Amino acid sequence: MIIETVAKKMVGVCGACKGEYEVRTFPKVDACKTPKLALAIMEGNFILECPHCGGKSFLQHPMYFFDMDNNIALVYSQYWNQAKKMTEDIAPVPIGKNGKPIKIRTFTQWFDFRAAMSKYYSSVKRRVEKAEKEA
């Protein structure tokens, strides 16, 4: 598996009116290479607004979150079987920074997934600040 940030368009369904609309998602996020995006996800900046009724919801799609500097891979899917398969897909990528093994954690609850990401908030924020200083 190539570890890089990937954007993808999907169909979102409003929880209130059941209307469908196009949503830009990020199934793979590399916090080292795209720290601004990782920080935005950690801060909850991906709230969707239904164009039909104005209903709001968090963007909750299957996602890999990699932070190779911290040797971590977080996997989220609301469906356990899918999350398990996603975890198995990255298991052959066992080596992180300095040759240390990557710790893989799997989640089926979005808020638990975001809470796990928040543990790496300060290191991602430092990457963003460093990139802004260098720009």
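Given the structure is predicted, the values throughout are model-derived calculations rather than measurements.
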Visitor: Which heavy atom of V128 sits nearest a heavy atom of K36, and at what distance?
Guide: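 Scanning both residues, the minimum pair turns out to be CG2-N, 3.6 Å.
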
Visitor: Given the rule that I, L, V, M, F, W and Y join up when any side-chain heavy atoms are under 4.5 Å apart, are M10 and F26 in one cluster?
Guide: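 M10 does not cluster with F26.
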
Visitor: Can you measure from CZ (R105) to CD1 (I72) and round to the nearest 0.5 angstrom?
Guide: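 Here the interatomic distance stands at 6.5 Å.
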
Visitor: Please check: side-chain N/O of T25 versus main-chain N/O of K8, any donor-acceptor pairing under 3.5 Å?
Guide: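 Side chain of T25 to backbone of K8, a donor-acceptor pair under 3.5 Å: yes, one is there.
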
Visitor: Check this for me: Y79, atom OH, are more than 12 non-hydrogen atoms of other residues, nucleotides or ligands nearer than 6.0 Å?
Guide: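 Open: at most 12 neighbouring heavy atoms sit under 6.0 Å from OH of Y79.
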
Visitor: Decide yes or no for V11 and Y21: does some side-chain heavy atom of the first lie under 4.5 Å from some side-chain heavy atom of the second?
Guide: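 No; the side chains remain at least 4.5 Å from each other.
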
Visitor: Counting N and O atoms only, with roles assigned by atom type, does the side chain of R127 sit under 3.5 Å from a partner on the main chain of A31, one being a donor and the other an acceptor?
Guide: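 Indeed, once roles are kept as given, a pair shorter than 3.5 Å links the two residues.
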
Visitor: My understanding is that only one of L39, V124, T5, I41 makes a side-chain contact (heavy atoms from CB on, under 4.5 Å) with T34; could you say which?
Guide: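 Of L39, V124, T5, I41, side-chain contact (heavy atoms from CB on, under 4.5 Å) with T34 is met by T5 alone.
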
Visitor: Any side-chain heavy-atom pair from C17 and H52 closer than 4.5 angstrom?
Guide: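 SC-SC contact between C17 and H52 confirmed.
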
Visitor: Mind telling me whether W110 and Y76 have parallel, tilted or perpendicular rings, with 30° and 60° as the class edges?
Guide: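 Rings of Y76 and W110: perpendicular, as their planes differ by over 60°.
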
Visitor: Set out, in order, the CA-CA distance, both residues' side-chain angles and the distance that settles side-chain contact (heavy atoms from CB on, under 4.5 Å) for F65 and M42, then state yes or no.
Guide: CA-CA 10 Å; F65 179 88; M42 290 175 168; 3.4 Å; yes

Visitor: Mind checking the NZ-CD1 spacing from K85 to I90? Nearest 0.5 Å is all I need.
Guide: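 CD1 of I90 is found 11.5 Å from NZ of K85.
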
Visitor: May I ask you to test the S123-D69 pair for a side-chain heavy-atom distance under 4.5 Å?
Guide: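 No, too far: nothing below the 4.5 Å cut-off.
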
Visitor: Test your reading of the model: is there a side-chain donor-acceptor pair from R24 to the backbone of A7, 3.5 Å cut-off?
Guide: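 No; judged by distance alone, with no hydrogens or angles, the pair does not exist.
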
Visitor: Sub-3.5 Å donor-acceptor pair from the side chain of D30 to the main-chain atoms of C32, do we have one?
Guide: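 The answer is yes, because a donor-acceptor pair under 3.5 Å joins these two groups.
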
Visitor: How long is the gap from CD on E43 to OG on S118, to the nearest 0.5 Å?
Guide: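 The distance works out to 11.5 Å.
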
Visitor: Does any part of the side chain of L74, heavy atoms only, come nearer than 4.5 Å to the side chain of F107, both counted from C-beta?
Guide: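 Yes; the side chains approach each other to less than 4.5 Å.
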
Visitor: Does the side chain of K33 come within less than 4.5 Å of F66's, by heavy atoms?
Guide: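 No, side chains not in contact.
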
Visitor: Check E49 against G54 and note the closest heavy-atom contact, atom names and distance.
Guide: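 In terms of heavy atoms, the two residues are closest at CG-O, 3.7 Å.
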
Visitor: Check for me, please, whether Y64 and V6 land in the same ILVMFWY cluster - side-chain distances under 4.5 Å, paths through other members count.
Guide: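 No, because Y64 and V6 fall into different hydrophobic clusters, even though each may have its own neighbours under 4.5 Å.
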
Visitor: Would you give the length of the straight line joining atom CG of D112 to atom CE of M117, rounded to the nearest 0.5 angstrom?
Guide: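 Interatomic distance, D112 CG to M117 CE, rounded to 0.5 Å: 11.0 Å.
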
Visitor: Applying the 4.5 Å side-chain criterion to the ILVMFWY set and letting contacts propagate, would F113 and W80 be lumped into a single cluster?
Guide: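 No; W80 is not reachable from F113 via cluster members.
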
Visitor: Does some side-chain heavy atom of V29 sit less than 4.5 Å from a side-chain heavy atom of M63?
Guide: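 When only atoms from C-beta onward are counted, V29 and M63 do touch, with a gap below 4.5 Å.
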
Visitor: Any chance you could measure K130, atom NZ, to K133, atom NZ, to the nearest 0.5 Å?
Guide: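 Reported value, rounded in 0.5 Å steps: 10.5 Å.
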
Visitor: Could you check if a side-chain atom of T108 sits within less than 4.5 angstrom of a side-chain atom of S77, using non-hydrogen atoms only?
Guide: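 With C-beta onward as the side chain, the pair stays apart.
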
Visitor: Can you tell if the side chain of I102 reaches within under 4.5 Å of the side chain of M68, non-hydrogen atoms only?
Guide: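 I102 reaches M68 side chain to side chain.
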
